[in-house]
Novice: 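Dropping the structure in here first, questions after.
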Amino acid sequence: MINKYLQPYDPKEAEEKIYDTWEKSGFFNPNNLPGERKETFSMVLPPPNVTGKLHLGHADMLAIEDTVVRFQRMLGKKTLWLPGTDHAAIATQTKVEKILAKEKIRRHDLGREKFLEKVNEFAMDSQKTIISQTKRMGSSLDWSRLAFTLDDQRNLAVKTAFKKMYEDGLIYRGKKVINWDPKGQTVISDDEVVYEDRKAVFYTFKYSKDFPIAISTTRPETKVGDVAVAVNPSDERYKEFVGKTFEIENFCGTSLSIKIITDREVDPEFGTGALGVTPAHSKIDEKMAQDNNLPLKKVINEYAKMENAGDILEGKKISEAREIIVDWLKKEGLMIKEEYVNQSVSTAERSGAIIEPLPKLQWFIDVNKKFKLPSSKIDGIKSGDEIDLKHLMKYAVESGEVNILPDRFNKIYYHWIENLHDWCISRQIWYGHQIPVWYKNKDTEKEEIFVGIEEPKGDDWEQDPDTLDTWFSAGLWTFSTLGWPNETNDLKLYHPTDLLETAHDILFFWVARMILMTTYLIGEIPFKTVYIHGLVRDEQNRKFSKSLGNATDPLEMIEKYGTDALRMALLVAVAPGQDIKFNEDKVKAYKKFANKIWNIARFIYSSVEDFDYDNFDINKLTDFEKNILKSFDDLIIEITGEMKEYKLYLTSEKLYHFVWHELADKILEESKEALFDKTTPEDKANKQFMLLNLFEKVLKTLHPFMPFITEEVWADFPKKNKKLLLVEEWPIK
RNA sequence: GGGCGGUUAGCUCAGUUGGUAGAGCGUUGCACUGACGUUGCAAAGGCCACAGGUUCGAAUCCUGUACCGCCCACCA
């Protein structure tokens with residue numbers, strides 16, 4: 001009996017040692033894999049943000065992905081799983097600003113350069129933590145190809161992409177009403193806006209006694225920025241006023257000039273059927289004003305305070321301004337009605353501040369502009385076709401080249417594309433890829449613009465101070481990590497990638513943007529399959545969050561029960577797209593399972609010490625053993641098919657059941673008589689072979705799910721010419 | 001306002017192309033110490049949310065209802 005089996009299985013000790021062995025073997029890098037491997041399998045790791053440490057959601061992601069990767073590697077494919085981290089521009093900058101705030105330091109006190117040093121320091125520190133935690137999960141990632149969304153290679157990719165899009169007219173600079181985050185002091189994209197339901201007061205009033213039409217609003221303070229009142233063209237009530245302009249000399253201390261216009265978007269049934277048009281502070285109003293050639297009147301500034309709003313309101317916070325105007329309207333007898341309504345308020349995802357729509361000069365990606373796609377490998381689009389980004393994104397999925405699992409997410413994806421507006425990509429923060437645009441005589445008549453990879457020669461050029469939305473660089477991830485824009489061997493071999501596995505909350509942020517960037521820049525899809533996993537929630541079905549204090553640290557679970565147990569708890573019977581209600585008892589149960597495997601090993605190994613597995617003649621087996629072996633082979637064929645379709649949640653359950661309730665409870669029990677020499681020597685040998693053969697296949701098929709204990713037990717398997725289980729062959733392909 | 005998902009044993013969830021339901025945990029009883037007590041054997045427990053429909057037959061397909069959850073949206 002091998003000594004180590006006298007002790008119970010100690011995951012802690014084994015796991016560290018085994019991961020080390022794997023890493024040193026070099027097999028995480030596909031270049032080093034043994035044998036001839038023609039087919040490839042590649043996947044990028046969705047890069048975790050360098051804002052902190054890993055949570056259970058990451059653990060879930062790593063468990064699923066590592067299991068797939070190990071399976072594919074054992075199938076004999078040249079398998080690449082490429083790691084990286086995401087600089088997560090706004091999130092990381094906000095985090096560091098919070099830390100600095102404790103020392104009463106603001107970023108402007110430090111200056112751009114010093115501040116960025118601090119953020120980098122934090123980011124690299126965080127990256128180190130994340131990498132070590134990722135290793136604890138057993139992830140067989142090729143660390144030699146580690147990438148960071150903000151490193152030099154990725155910066156070159158970003159600049160190259162930006163330049164090409166600019167030259168194709170897909171990136172433009174324009175003044176539009178955007179989502180301004182007054183707390184974060186930056187623009188954010190539509191996708192970073194989160195809607196919250198709140199109660200609000202819906203005021204109905206007239207601008208002045210002489211004004212003929214009453215309007216309604218939840219935001220009276222913006223009304224000093226009104227330039228028009230819009231009514232439905234078919235609305236008989238207001239027909240006589242359409243086209244007229246009314247001068248209001250005093251509206252809470254300022255003057256207004258209001259034209260009556262028509263717009264089909266106005267609902268005659270809603271409110272008074274008349275809408276006060278505030279073009280500078282509402283996207284829909286902006287469009288109405290444009291259609292009617294009316295000016296933009298900005299009355300709220302970047303700090304959410306009133307400006308150009310008359311003596312009474314000037315410099316007031318918007319909440320104060322609202323009260324002042326409401327009081328004034330009442331005092332003047334202009335207020336007609338106050339109602340309580342439910343309103344969905346737009347807030348900034350990161351800072352939580354209420355979004356202030358403001359007109360600003362920003363960089364955008366035009367999703368509707370047609371361009372020529374030089375070379376296309378996408379079904380339904382020929383090289384040289386004219387197309388726009390929206391349709392390109394749609395075709396990639398519609399053609400079936402990108403397959404989203406579960407497929408209900410296809411509909412969600414299409415719906416998002418239909419509602420897609422131009423993507424605002426510039427951010428007024430410091431941490432991120434600085435926009436590769438240089439100006440001469442900025443904001444003057446003589447302004448010159450240079451867009452390029454390198455800073456232009458000559459004096460007087462100043463670079464745009466803004467940085468790019470973090471999802472711009474993340475969108476390039478499948479190919480920037482493989483060396484693009486250089487034509488590398490990796491790019492040829494591993495792109496398009498086979499699988500993208502991620503959570504549904506970043507379907508739009510990331511998955512859609514990757515499809516956009518990849519199809520546009522290299523005319524390929526980024527990945528063949530998208531596997532969407534659910535969110536990990538607590539026992540009360542709440543999201544894990546720091547403020548709730550319910551965050552379960554995956555490392556704590558690993559310490560208590562071992563990585564294999566945690567992986568199984570996150571994998572078994574969890575269908576794609578399905579949220580997981582995390583429960584510690586489940587982890588506990590799989591720790592028991594690990595113990596079971598350990599004891600099966602102990603029993604089998606100690607029962608075959610007098611047996612030569614390598615030189616056994618299979619023809620000696622009786623039908624009894626042959627049938628048992630055959631039935632397990634049938635199971636392997638079944639699960640192999642499932643694994644190829646990424647149905648890990650089915651496979652893991654079936655293997656669990658076979659190992660415990662077939663192999664251990666029945667087959668092993670029924671073999672005892674023979675093993676204890678109570679039958680014949682031939683029968684004993686047959687049983688010894690059968691058990692070893694079953695166990696060999698069990699270890700191999702279970703390895704992707706529970707890599708550590710299977711590798712640990714495999715080390716003692718009585719067979720010559722063994723490799724690491726990591727690179728052993730899958731029993732039936 | 002539009003769209004999507006869920007509703008299966010006490011709890012957490014599976015259920016491929018329609019053939020009267022499965023797993024883990026929990027519960028109850030029994031067994032047992034020559035792999036494992038982080039054990040074994042066995043049992044109880046479900047008109048598969050509700051109402052219609054298609055079908056020889058539906059948890060599985062169709063329609064509607066209810067409750068829970070999610071996503072999207074420029075109703076001021």
Novice: With side-chain hydrogen bond (donor to acceptor under 3.5 Å, both in side chains) as the rule and sequence neighbours excluded, what pairs involving residues 257-272 of chain A come up?
Specialist: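 Those involving residues 257-272 of chain A are A:Glu247-A:Ser257.
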Novice: Can you figure out which of B:G5, B:A76, B:A35 approaches the side chain of A:Phe603 most closely?
Specialist: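 Nearest listed nucleotide: B:A35.
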Novice: Quiz question: going by heavy-atom distance under 3.5 Å, is there a donor-acceptor pair between the base of B:A76 and the side chain of A:Lys283?
Specialist: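 Looking at the base of B:A76, it does not pair with any donor or acceptor on the side chain of A:Lys283 (distance under 3.5 Å).
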Novice: Only counting residues at least two apart or in another chain, list the ones meeting ring-ring contact (aromatic ring centres under 6.0 Å, His included) with A:His391.
Specialist: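 If we apply the ring-ring contact (aromatic ring centres under 6.0 Å, His included) test to A:His391, skipping adjacent residues, there are no hits.
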Novice: Compare the minimum distances between each of B:A14, B:G5, B:A35 and the side chain of A:Ile600, then state the nucleotide with the smallest one.
Specialist: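 From the listed options, B:A35 comes nearest.
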Novice: Over how many whole Å does the gap from A:Lys287 atom NZ to B:C75 atom P extend?
Specialist: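 For the pair A:Lys287 NZ and B:C75 P, the rounded distance is 15 Å.
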Novice: Using the test side chain to side chain contact (heavy atoms under 4.5 Å, CB included), find all partners of A:Glu13 that sit at least two apart in sequence or belong to another chain.
Specialist: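 Side chain to side chain contact (heavy atoms under 4.5 Å, CB included) check on A:Glu13 returns A:Asp10.
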Novice: Roughly, in whole Å, what's the span from CG in A:Leu650 to C1' in B:C13?
Specialist: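 Rounded to whole Å, this separation is 12 Å.
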Novice: With a sphere of 6.0 Å drawn around CD of A:Glu323, does it hold more than 12 non-hydrogen atoms of other residues, nucleotides or ligands?
Specialist: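 No, the 6.0 Å shell around CD holds no more than 12 heavy atoms from other groups.
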Novice: By a 5.5 angstrom centroid cut-off and a 30 degree plane limit, is there stacking between A:Phe676 and B:G34?
Specialist: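 So A:Phe676 counts as stacking on the base.
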Novice: When the C1' atoms of B:U54 and B:U63 are considered, how many whole Å apart are they?
Specialist: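 Comparing C1' positions in B:U54 and B:U63 gives a spacing of 11 Å.
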Novice: Using atom C1' in both nucleotides, what's the gap between B:U27 and B:G46 to the nearest angstrom?
Specialist: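 Approximately 16 Å lies between the C1' atom of B:U27 and that of B:G46.
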Novice: Sequence neighbours excluded, which residues qualify as ring-ring contact (aromatic ring centres under 6.0 Å, His included) partners of A:Phe611?
Specialist: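 A:Phe611 satisfies ring-ring contact (aromatic ring centres under 6.0 Å, His included) with A:Phe616 only.
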Novice: If you only use heavy atoms from C-beta on, which nucleotide in B:A35, B:G2, B:U38 is closest to the side chain of A:His415?
Specialist: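 Of the options given, the side chain of A:His415 lies nearest B:G2.
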Novice: May I have all residue pairs that pass salt bridge (charged side-chain N to carboxylate O under 4.0 Å, His left out) and include part of residues 274-285 of chain A, sequence neighbours excluded?
Specialist: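 Those involving residues 274-285 of chain A are A:Asp190-A:Lys283.
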Novice: Which pairs would a plain distance check flag for residues 291-300 of chain A, meaning a side-chain donor or acceptor within less than 3.5 Å of a matching protein atom at least two apart in sequence or in another chain?
Specialist:
| unit_1 | atom_1 | unit_2 | atom_2 | d |
| --- | --- | --- | --- | --- |
| A:Asp291 | OD2 | A:Lys287 | NZ | 3.2 |
| A:Asn292 | ND2 | A:Met288 | O | 2.8 |
| A:Lys297 | NZ | A:Val224 | O | 3.0 |
| A:Lys297 | NZ | A:Ser255 | O | 3.4 |
| A:Lys298 | NZ | A:Glu302 | OE1 | 3.3 |
| A:Lys298 | NZ | A:Glu302 | OE2 | 3.2 |

Novice: 5'-most contact on RNA chain B: A:Asn599 or A:Ala274, nearest heavy atom basis?
Specialist: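 Its nearest nucleotide being more 5', the pick is A:Asn599.
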Novice: Restricting to side chain to side chain contact (heavy atoms under 4.5 Å, CB included), what partner residues turn up for A:Pro268, sequence neighbours left out?
Specialist: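 Here the qualifying residues are A:Asn232, A:Asp235, A:Arg237.
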Novice: List in numerical order all residues of residues 191-203 of chain A for which some heavy atom is under 4.0 Å away from an atom belonging to RNA chain B.
Specialist: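 Residues of residues 191-203 of chain A under 4.0 Å from RNA chain B: A:Tyr195.
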Novice: Checking all strands, does A:Ile215 fall into the base, sugar-phosphate, or nothing category for heavy-atom contacts under 4.0 angstrom?
Specialist: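 It contacts nothing in the nucleic acid.
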Novice: With the side chain of A:Asn595 defined as its heavy atoms from C-beta on, choose the nearest nucleotide among B:C36, B:G2, B:G5.
Specialist: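 Among the listed nucleotides, the one closest to the side chain of A:Asn595 is B:C36.
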Novice: Within the structure shown, what part of the strands sits under 4.0 Å from A:Val277 by heavy-atom distance: base, sugar-phosphate, or nothing?
Specialist: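 Answer is nothing: A:Val277 stays at 4.0 Å or more from every strand.
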Novice: With sequence neighbours excluded, what pairs up with A:Lys666 under the side chain to side chain contact (heavy atoms under 4.5 Å, CB included) test?
Specialist: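 A:Lys666 satisfies side chain to side chain contact (heavy atoms under 4.5 Å, CB included) with A:Glu662, A:Glu670 once adjacent residues are dropped.
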Novice: Under 4.0 angstrom, heavy atoms only, what part of the nucleic acid is A:Asn419 near: base, sugar-phosphate, or nothing?
Specialist: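 Result for A:Asn419 = sugar-phosphate.
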Novice: Starting at the 5' end of RNA chain B and moving along, which residue's nearest nucleotide shows up first, A:Lys591 or A:Asp585?
Specialist: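 On the 5' side of the pair lies A:Asp585.
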Novice: Tell me whether the OP1 or OP2 atom of B:C13 has a side-chain N or O from A:Lys586 closer than 4.0 Å.
Specialist: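 For B:C13, OP1/OP2 do not have a side-chain N/O of A:Lys586 under 4.0 Å.
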Novice: Ignoring the backbone of A:Lys596, work out which of B:C4, B:A35, B:A76 is nearest its side chain.
Specialist: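 Ranking B:C4, B:A35, B:A76 by closest atom to the A:Lys596 side chain puts B:A35 first.
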Novice: Is A:Lys697 positioned over the aromatic face of A:Phe632, cation under 6.0 angstrom from the ring centre and no more than 45 degrees off axis?
Specialist: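 No, cation not above the ring by the 6.0 Å, 45° rule.
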Novice: In whole angstrom, give the distance that lies between atom CZ of A:Phe582 and atom P of B:U12.
Specialist: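 Distance check: A:Phe582 CZ to B:U12 P gives 15 Å.
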Novice: Using the C1' atom as the point on both nucleotides, what is the distance between B:C50 and B:C68, in whole Å?
Specialist: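 The answer is 15 Å between these two C1' atoms.
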Novice: Nearest whole Å is fine: how far is B:C4 P from A:Asp407 CG?
Specialist: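 Those two atoms, CG and P, are 13 Å apart.
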Novice: On a whole-Å scale, what distance lies between the C1' atoms belonging to B:U65 and B:C11?
Specialist: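 My reading of the C1' atoms in B:U65 and B:C11 gives 28 Å.
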Novice: Who are the ring-ring contact (aromatic ring centres under 6.0 Å, His included) partners of A:Trp598, not counting sequence neighbours?
Specialist: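 Partners of A:Trp598 by the ring-ring contact (aromatic ring centres under 6.0 Å, His included) criterion, ordered by chain and then number, come out as A:Tyr5, A:Tyr9.
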Novice: When you compare B:G22 with B:A35, how far apart are their P atoms, in angstrom units rounded to a whole number?
Specialist: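 The answer is 32 Å between these two P atoms.
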Novice: Would you check if there is a donor-acceptor pair between the side chains of A:Gln688 and A:Asp610 at a distance under 3.5 Å?
Specialist: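 Their side chains do contain a donor-acceptor pair, which is all the 3.5 Å distance test asks for.
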Novice: Write down the distance separating the P atoms in B:C56 and B:C13, rounded off to the nearest Å.
Specialist: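 These two P atoms come out 38 Å apart once rounded.
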Novice: Please state how far atom NE2 in A:His421 lies from atom C1' in B:C74, giving the value in whole angstrom units.
Specialist: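 So the two atoms are 7 Å apart, to the nearest Å.
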Novice: Would you tell me whether A:Asn403 and A:Thr529 have side-chain atoms, one donor and one acceptor, within less than 3.5 Å of each other?
Specialist: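 No, no side-chain donor-acceptor pair sits under 3.5 Å.
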Novice: Hydrogens and angles aside, do A:Asp469 and A:Trp423 bring a side-chain donor and acceptor to less than 3.5 Å of each other?
Specialist: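 Side-chain D/A pair, A:Asp469 to A:Trp423: present.
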Novice: Work out how far the P atom of B:G6 is from that of B:C62, and round it to whole angstrom.
Specialist: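 So the two P atoms sit 12 Å from each other.
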Novice: Treat a base pair as Watson-Crick or G-U wobble with both distances under 3.5 Å, then lay out RNA chain B in dot-bracket form, 5' to 3', with | for cross-strand pairs.
Specialist: (((((((..((((........)))).(((((.......))))).....(((((.......))))))))))))....
Novice: To the nearest angstrom, how far is A:Tyr413 atom OH from B:G3 atom C1'?
Specialist: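 In whole Å, B:G3 C1' lies 18 Å from A:Tyr413 OH.
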Novice: Which whole-number value in Å describes the distance from A:Glu265 CD to B:C75 P?
Specialist: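 Distance check: A:Glu265 CD to B:C75 P gives 10 Å.
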Novice: Tell me: NZ of A:Lys647 to C1' of B:G15, nearest whole Å?
Specialist: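 Distance, rounded to whole Å: 11 Å.
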Novice: Among B:G24, B:A35, B:U38, which is the nearest nucleotide to the side chain of A:Lys672?
Specialist: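 Closest nucleotide to the A:Lys672 side chain: B:A35.
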Novice: Is there a residue in residues 654-667 of chain A whose heavy atoms reach under 4.0 Å of RNA chain B, and which residues are they?
Specialist: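 Contacting residues: A:Tyr656, A:Trp660, A:His661, A:Ala664, A:Asp665.
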Novice: For the side chain of A:Glu669 and the base of B:A35, is some donor closer than 3.5 Å to an acceptor across the two?
Specialist: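 Indeed, a donor on one side and an acceptor on the other fall under 3.5 Å apart.
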Novice: In whole angstrom, give me the gap between the P atoms of B:C47 and B:U8.
Specialist: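 Roughly 12 Å separates the two P atoms.
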